[in-house]
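Note that the coordinates shown come from a computational prediction; the quantities given were computed from them, not determined experimentally.
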Amino acid sequence: MWPRFLASICLALYACLPALARERPAVDVPTVTVQRDAVARLRIVATDGSYEAWADNLLPGPVEVRLDADGGARPQALPALPARASVPAGGSVLLTRLRPPPAREGRMQLRLNGVPGSSNAKPRDITYLLPLRLDAPRIDQSFDGRFSHDSDENRYALDFAAPVGTPVLAARGGIVLQVDTGYRGSGLDYARDATRANFIRILHDDGTMALYGHLAPDGAQVVPGQRVEVGQRIGSSGNTGYSSAPHLHFVVQVNRGGQLVSIPFRMQGVAIPTRR
């Protein structure tokens, strides 16, 4: 079972901007801490009388970002906030130029949300390979599953029952975007466990992305930026995060206007139940 995965990768990155002096910008340009699983970094550069807000893509594939104020008085911005942009793999984009509101004392907060993928994805009709080395796969939760497949990003997901350590295979070739297999343990406390599932995300050549979730700790056999072929082993199944039993969560997603949305798919040798 898989929670709303967007919570794990649509990260808030905060920067506190000191008020500008009347004649020159303050010199203590803030340092932004990049959170675990971040897809982009907010970078603030002091210029002559203002600040530049840059988004740096941390992934080997495209991301879309949205910058906005996060509480307090809104800074002057050109372009105005919220500022949105697509950032190419490993690239950087100037989002806006900022000045604190007139007579503003203290600091302002900014929030950067980043989502992997491009809104220009054009999904093709592909038959996916079974992503597990199993003779008789069993689906514990199917499309529109009542337990946790009730959100846009997971509505068309499959949960395959699988003993811990079962080889996980690439259901389709592509570029590895994200790998996180550092979490241990599982549970049904949503607040505690929802963002603690290990995963691998792979970008396909049509812009769609496959997510393989609840993997074993330290079980990844791929790294970001690596190209994988269909059927190649990428990791091991596990029981991490918001989960009641060992299984593999598999879903195909696209970025639609800065939101992850799951899409239906076909899988070789698997009859997908309408609901379970």
Side-chain angles (χ1 to χ4, degrees), residues 4-20 25-47 50-72 74-100 107-121 153 175-183 194-203 207 209 211 220 222-226 253 255 257-260:
R4 290 170 173 80
F5 186 72
L6 188 60
S8 296
I9 49 81
C10 187
L11 296 174
L13 306 180
Y14 293 94
C16 292
L17 299 184
L20 291 168
V27 296
D28 56 334
V29 178
T31 299
V32 179
T33 300
V34 179
Q35 298 182 22
R36 182 171 183 165
D37 302 344
V39 304
R41 173 180 55 224
L42 177 60
R43 178 163 49 94
I44 304 298
V45 178
T47 62
S50 65
Y51 290 103
E52 293 180 345
W54 291 78
D56 299 330
N57 184 354
L58 304 179
L59 301 186
V63 301
E64 295 193 351
V65 298
R66 181 181 188 271
L67 177 68
D68 204 353
D70 192 63
R74 296 180 68 82
Q76 301 175 45
L78 186 67
L81 298 179
R84 297 177 174 84
S86 296
V87 190
S92 300
V93 169
L94 175 61
L95 297 174
T96 189
R97 290 177 171 84
L98 299 160
R99 289 183 62 89
R107 295 173 180 267
M108 296 174 296
Q109 285 188 320
L110 299 172
R111 180 184 180 92
L112 180 71
N113 287 342
V115 179
S118 168
S119 289
N120 294 324
E153 56 264 42
I175 300 293
V176 178
L177 278 188
Q178 294 172 284
V179 175
D180 193 339
T181 56
Y183 290 115
T195 61
R196 297 169 62 87
N198 296 324
F199 70 94
I200 293 172
R201 180 181 293 276
I202 294 178
L203 173 68
M209 298 169 286
L211 183 129
V222 293
V223 295
Q226 179 179 342
Q253 298 172 325
N255 183 332
Q259 298 291 328
L260 288 178

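Scored by the side chain to side chain contact (heavy atoms under 4.5 Å, CB included) test, Ile200 finds Val176, Val179, Ile202, Leu215, Ala220, Val222, Ile234 as partners (sequence neighbours excluded). Remark: Glu52 engages Trp54 in a side-chain hydrogen bond (donor to acceptor under 3.5 Å, both in side chains) (not counting sequence neighbours). The salt bridge (charged side-chain N to carboxylate O under 4.0 Å, His left out) search around Arg66 returns Asp68, not counting sequence neighbours.
Here Leu78 contributes atom CG and Thr96 contributes atom OG1; the two are 6.0 Å apart, rounded to the nearest 0.5 Å. The line from CG of Leu98 to OG1 of Thr47 is 9.5 Å long, rounded to the nearest 0.5 Å. Rounding to the nearest 0.5 Å gives a distance of 7.0 Å between CG of Asn255 and OG of Ser118. Taken from CD in Gln226 to CD1 in Ile175, the straight-line distance is 9.0 Å, to the nearest 0.5 Å. Between Ile44 atom CD1 and Leu95 atom CG the span is 8.5 Å, to the nearest 0.5 Å.
Counting only N and O atoms by type, the side chains of Arg99 and Gln76 include no donor and acceptor under 3.5 Å apart.
Residues Gln253 and Arg201 come closest through the heavy atom pair OE1-NH1, 3.0 Å. Heavy-atom minimum distance, Pro75 versus Leu110: CG-CD2, 4.3 Å. Scanning all heavy atoms of the two residues, the minimum distance from Ala55 to Val65 falls at CB-CG2, 3.9 Å. Pro60 approaches Pro224 most closely through the heavy-atom pair CG-C, 4.1 Å.
Under the 4.5 Å side-chain criterion, counting only non-hydrogen atoms from C-beta, Asp180 is in contact with Asn198. Leu260 places none of its side-chain heavy atoms less than 4.5 Å from the side chain of Leu211. The shortest distance between side-chain heavy atoms of Pro116 and Leu203 does not fall below 4.5 Å. Looking at heavy atoms from C-beta onward, Gln259 lies out of side-chain contact with Val115 at the 4.5 angstrom threshold.
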Donor-acceptor contacts, no H, no angles, side chain residues 79-94, under 3.5 Å, sequence neighbours left out:
unit_1, atom_1, unit_2, atom_2, d
Ser86, OG, Glu64, OE2, 3.4
Ser92, OG, Asp56, OD1, 2.7

